[in-house]
Protein chains: 2
Amino acid sequence: MEEGRADRVFRALADSTRRDIVLRTLEAEHSVSALARDYPMSFAAVQKHVAVLEEAGLVTKRRRGREQLVRGDVDTVRRAARLLDALEAVWRGRAERMSEILAEPDGGTP
Amino acid sequence: MEEGRADRVFRALADSTRRDIVLRTLEAEHSVSALARDYPMSFAAVQKHVAVLEEAGLVTKRRRGREQLVRGDVDTVRRAARLLDALEAVWRGRAERMSEILAEPDGGTP
DNA sequence: CAGACCTACAACCATACGGTTGTATATGCG
DNA sequence: CGCATATACAACCGTATGGTTGTAGGTCTG
């Protein structure tokens, strides 16, 4: 994942309304107004949330008549998950090194 | 992961400096000033970043003499990764349902 | 065509964020 | 003790964010 892109993805995920939109649109397509009906805020606010998600690549939109269908993009979710996996792997590296150190408390590699 | 906690975790990860700090402190402990030396910003700025990470539970601190050692918390990273995995699983659920639909184009369950 | 519906977008507002500088406090060291 | 180091914290500043309302443009339908 490119530098600034990760920023946008995590930023977009840092809001429960947006996470819920991603959830719902990964299950099935929903129009913006269909999404908006379920949140205690204006249509325009939800529209902005969708725009943030689209900007981050977490959802895509396609036209159907007068409505815009929003669909979650699982690839972006996966890329974010892999980035976190990479952090976890780094930690495991430390754990390994610590194990080695503990396993050979006598010093260098002869 | 609790509601507001996920917000904080993803928000904290939405900054490359902070992600780098998490990376480095998952590899090994570093004092705040040791971390600060490698970023093009003031010590206070880095200190704030560490505070954000600590608030999110992505790092912990422990005193050693006059310095504060920062250590990455892999559990929080894992919890965030699992949340993304759950989203992916939801998508897979849709994919399954779509497969079922495509596999039985003749109608309901008789 | 007229009206309802869905979306887009601008303007505005309060608050949060990322950065700065400056000041205060604690610890290690000669 | 006296000084340098390491951290903490407050005040300040410009900009982004999340929300609002209002206006305008497509699109379906009677």
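To find a chain, count down the sequence lines: A is the first, B the second, and so on, and within it residues start at 1.
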| request: Could you tell me whether the side chain of A:V59 reaches within less than 4.5 Å of the side chain of A:R71, counting heavy atoms only? | output: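 A:R71 does not reach A:V59 side chain to side chain.
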| query | So, do B:F10 and A:R18 sit near enough that their side-chain heavy atoms are less than 4.5 Å apart? | reply |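 Not in contact.
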Which heavy atom of [X] sits nearest a heavy atom of [Y], and at what distance?
X     : Y     : answer
A:A80 : A:V9  : CB-CG1, 4.0 Å
A:A81 : B:D85 : CB-OD1, 4.0 Å
A:A36 : A:F43 : CB-CD1, 3.9 Å
B:E29 : B:R62 : OE2-NE, 2.7 Å

| Does B:L69 offer a backbone N or O that forms a donor-acceptor pair with the side chain of B:S31 under 3.5 Å? |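 Side chain of B:S31 to backbone of B:L69, a donor-acceptor pair under 3.5 Å: no, none is there.
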| request: Treat primed atoms plus P, OP1 and OP2 as sugar-phosphate and everything else as base, then score nucleotides 24-30 of chain C 5' to 3': B for base contact with protein heavy atoms under 4.0 Å, S for sugar-phosphate contact only, - for none. | output: ---BS--
| Counterpart residues, salt bridge (charged side-chain N to carboxylate O under 4.0 Å, His left out), relative to A:R92 (two or more places apart) |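 Partners of A:R92 by the salt bridge (charged side-chain N to carboxylate O under 4.0 Å, His left out) criterion, ordered by chain and then number, come out as A:E88.
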| request: Mark yes when over 12 heavy atoms from residues, nucleotides or ligands other than B:R63 sit less than 6.0 Å from its CZ; otherwise mark no. | output: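 Yes, because the 6.0 Å sphere around CZ of B:R63 holds more than 12 heavy atoms from other groups.
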| query | Does any residue of residues 36-51 of chain A have a heavy atom under 4.0 Å from DNA chain D, and if so, which ones, in number order? | reply |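 Those residues are A:M41, A:S42, A:A44, A:A45, A:K48, A:H49.
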| side-chain contact (heavy atoms from CB on, under 4.5 Å) assessment of B:M41 paired with B:T17 | CA-CA 10 Å; B:M41 65 187 75; B:T17 300; 3.6 Å; yes
| query | Using a heavy-atom cut-off of 4.0 Å to chain A, what are the terminal contacting nucleotides of DNA chain D, in 5' to 3' order? | reply |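 Boundary nucleotides touching chain A, in 5' to 3' order, are D:dT17 to D:dC28.
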| In this structure, which one of A:L58, A:V74, A:L26 forms a side-chain contact (heavy atoms from CB on, under 4.5 Å) with B:L87? |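 When side-chain contact (heavy atoms from CB on, under 4.5 Å) is applied between B:L87 and each of A:L58, A:V74, A:L26, only A:L26 qualifies.
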| Pairs meeting criterion side chain to side chain donor-acceptor pair (under 3.5 Å) with involvement of residues 34-45 of chain B, two or more places apart |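 Listed once each, the pairs are B:D20-B:Y39, B:R24-B:D38, B:R24-B:Y39.
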Mind listing the N/O atom pairs, protein and nucleotides 14-17 of chain C, below 3.5 Å?
{"unit_1": "C:dC17", "atom_1": "O3'", "unit_2": "B:R11", "atom_2": "NH2", "d": "3.1"}

